[in-house]
Amino acid sequence: MPITYYMIYSKSADKIIISDTSDFNIEHILDCGQVFRYLKTGDCYTLFAKDANCLLQSKDGCVIIKTKFVDFFVNYFDLDRDYKKIKSELVKFDELNEPIRFGSGIRLLNQDPLEMIISFIISANNNIPRIKMIIERLCKGLGQNMGDYYAFPTLNALQSADESFFKSIGAGYRAMYLVNASRQLKDFDLDYLKSLTTSDLRKKLVSLMGVGNKVADCIMLFAYKKTDLFPMDTWTKRVYTKMFNDKTVSADVMSKNLVGRFGDLSGYAQQYLYYYFRSLKLTY
DNA sequence: TTCCAGGGATATA
DNA sequence: TATATCCATGGA
């Protein structure tokens, strides 16, 4: 039986080395809108996820990930998935040809469900620099002090905060959503939810205050690896309009039509399209 | 000054 | 079920 998979990385106690960077690009991964907690310092990036951190650096054609949390980040960066295969399937769609070439090093991260729920409630009708700033203040205000950084807050910490706190960090009218959603989450088993179908999980997530279909799709894509979905935001609506020359349909119908087109790889297709067209500042 | 950002809640028909 | 309006904030 042939072995079709090969390792793109090696790991030791304190670092991961990505030897094949054709499917791993730091900028592509960080700038495609799935993650908000990172800093650029010189030619390095510092990334924070849940209560862990790592340092990312390109060197001699490799990417080095320095961290105390090696196994956590092997999973986080989705290193055991074959992105060549995914891209070879998606590139059969003409409209994905250039976006895949442009964002060839994108990977869909396996992020923490609670962090994604809170982050994407904050993301609604907001822009990425402000989302980053609000989340940074959130961690500083409620997250555990890890020494040289702050962890993402636990659910208990989030539940201890009131509306005035969330307003003080700049959340605006989403402050009330964050208070209510945090309360509602006491009845959620976030690990169990992964076993639900995309449709059932979406129903569960949109019951949270501040979570609609788009935010739910982002949570499912970035925390639960549900890829038979296509989050429709202000950019991907423009992509749809450009692709089909039709801006009369609702976002839900757009999403449904695109999932009909890209199937189980829709979530990946969405990231390539989002990253490419946002970089072009596509307008109607 | 107005528009816009990884939209959602609410009222209304 | 489908559409209209309102919502904090700050950069462009």
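Computed from a predicted structure; not experimentally measured. Per chain, numbering begins at 1; letters A, B, ... match sequence-line order.
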Legend entry - base_contact_polar (B:dG7 base, A:Y177 side chain, donor-acceptor, <3.5 Å):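 Under the 3.5 Å cut-off, the side chain and the base do not form any donor-acceptor pair.
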
Inset, instruction - Check whether any side-chain heavy atom of A:F230 lies under 4.5 Å from a side-chain heavy atom of A:N257, and answer yes or no. - result: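 A:F230 vs A:N257: side chains apart.
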
To the nearest Å, how far apart are [X] [atom1] and [N] [atom2]?
{"X": "A:L178", "N": "B:dA9", "atom1": "CG", "atom2": "P", "result": "12 Å"}
{"X": "A:W235", "N": "B:dC4", "atom1": "CH2", "atom2": "P", "result": "11 Å"}
{"X": "A:Y173", "N": "C:dC6", "atom1": "OH", "atom2": "C1'", "result": "9 Å"}
{"X": "A:K281", "N": "C:dG11", "atom1": "NZ", "atom2": "P", "result": "16 Å"}
{"X": "A:R238", "N": "B:dG7", "atom1": "CZ", "atom2": "C1'", "result": "14 Å"}
{"X": "A:E163", "N": "C:dA8", "atom1": "CD", "atom2": "C1'", "result": "12 Å"}
{"X": "A:I219", "N": "B:dG7", "atom1": "CD1", "atom2": "P", "result": "13 Å"}
{"X": "A:D217", "N": "B:dG7", "atom1": "CG", "atom2": "P", "result": "13 Å"}

Nearest-angstrom distance, [atom1] atom, [N] to [M]:
{"N": "C:dT5", "M": "B:dC3", "atom1": "P", "answer": "15 Å"}
{"N": "B:dA11", "M": "C:dA8", "atom1": "P", "answer": "15 Å"}
{"N": "B:dG8", "M": "C:dG11", "atom1": "P", "answer": "24 Å"}
{"N": "B:dT2", "M": "C:dC6", "atom1": "P", "answer": "15 Å"}

Inset, instruction - Applying salt bridge (Lys or Arg N to Asp or Glu O under 4.0 Å), run through A:K225 and A:D78 and close with a yes or a no. - result: CA-CA 10 Å; A:K225 256 308 178 303; A:D78 209 25; 3.3 Å; yes

Using a 4.0 Å heavy-atom cut-off across all strands, classify [X] as base, sugar-phosphate, or nothing.
{"X": "A:L208", "answer": "sugar-phosphate"}
{"X": "A:V206", "answer": "nothing"}
{"X": "A:M232", "answer": "nothing"}
{"X": "A:F222", "answer": "base"}
{"X": "A:G210", "answer": "sugar-phosphate"}

Inset, instruction - Between B:dA5, B:dG7, B:dA9, spot the one nearest the side chain of A:V215, thanks. - result: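 The nucleotide sitting nearest to the side chain is B:dG7.
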
Inset, instruction - Answer with yes or no whether the side chains of A:Y150 and A:D51 bring together a donor and an acceptor at under 3.5 Å. - result: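 On atom types as modelled, these side chains do not qualify, holding no pair under 3.5 Å.
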
Inset, instruction - Return yes if a side-chain donor-acceptor contact under 3.5 Å exists between A:Y38 and A:D31, otherwise no. - result: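 Judged by distance alone, the side chains do pair up.
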
Inset, instruction - Using the ring of A:F188 (Phe, Tyr or Trp, six-membered ring only), decide whether A:K204 places NZ or CZ under 6.0 Å from its centre and within 45 degrees of its axis. - result: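 Relative to the ring axis of A:F188, which defines the angle, A:K204 lies inside both limits.
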
Legend entry - A:R183 side chain to A:L178 backbone, donor-acceptor under 3.5 Å: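 Not confirmed, A:R183 side chain does not pair with A:L178 backbone.
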
Inset, instruction - Ignoring hydrogens and angles, tell me if any N or O in the side chain of A:T197 forms a donor-acceptor pair with the backbone of A:D200 under 3.5 Å. - result: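 Side chain of A:T197 to backbone of A:D200, a donor-acceptor pair under 3.5 Å: yes, one is there.
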
Inset, instruction - Could you pick out which residue, A:Q34 or A:M176, lies toward the 5' side of DNA chain B when each is mapped onto its nearest nucleotide? - result: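 Taking each residue's closest nucleotide, the earlier one in sequence belongs to A:Q34.
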
Inset, instruction - Tell which nucleotide pairs with B:dA9, taking only Watson-Crick or G-U wobble pairs whose two distances are both under 3.5 angstrom. - result: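 Matched B:dA9 with C:dT5 under the 3.5 Å cut-off.
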
Inset, instruction - Give none if C:dG11 has no partner; otherwise give the nucleotide forming a Watson-Crick or G-U wobble pair with it, both distances under 3.5 Å. - result: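 Its partner is B:dC3 (Watson-Crick or G-U wobble, both distances under 3.5 Å).
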
Inset, instruction - Under 4.0 Å from any atom of DNA chain C, heavy atoms only: list the residues of residues 121-134 of chain A that qualify, in numerical order. - result: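 Contacts with DNA chain C under 4.0 Å: A:N125, A:N127, A:R130.
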
Inset, instruction - Check whether any side-chain N or O of A:R174 sits under 4.0 Å from OP1 or OP2 of C:dC6, and answer yes or no. - result: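 A:R174 to C:dC6 OP1/OP2: no side-chain N or O under 4.0 Å.
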
Legend entry - A:K59 and A:D43 ion-paired at < 4.0 Å: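 Looking at A:K59 and A:D43, the cut-off is not met.
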
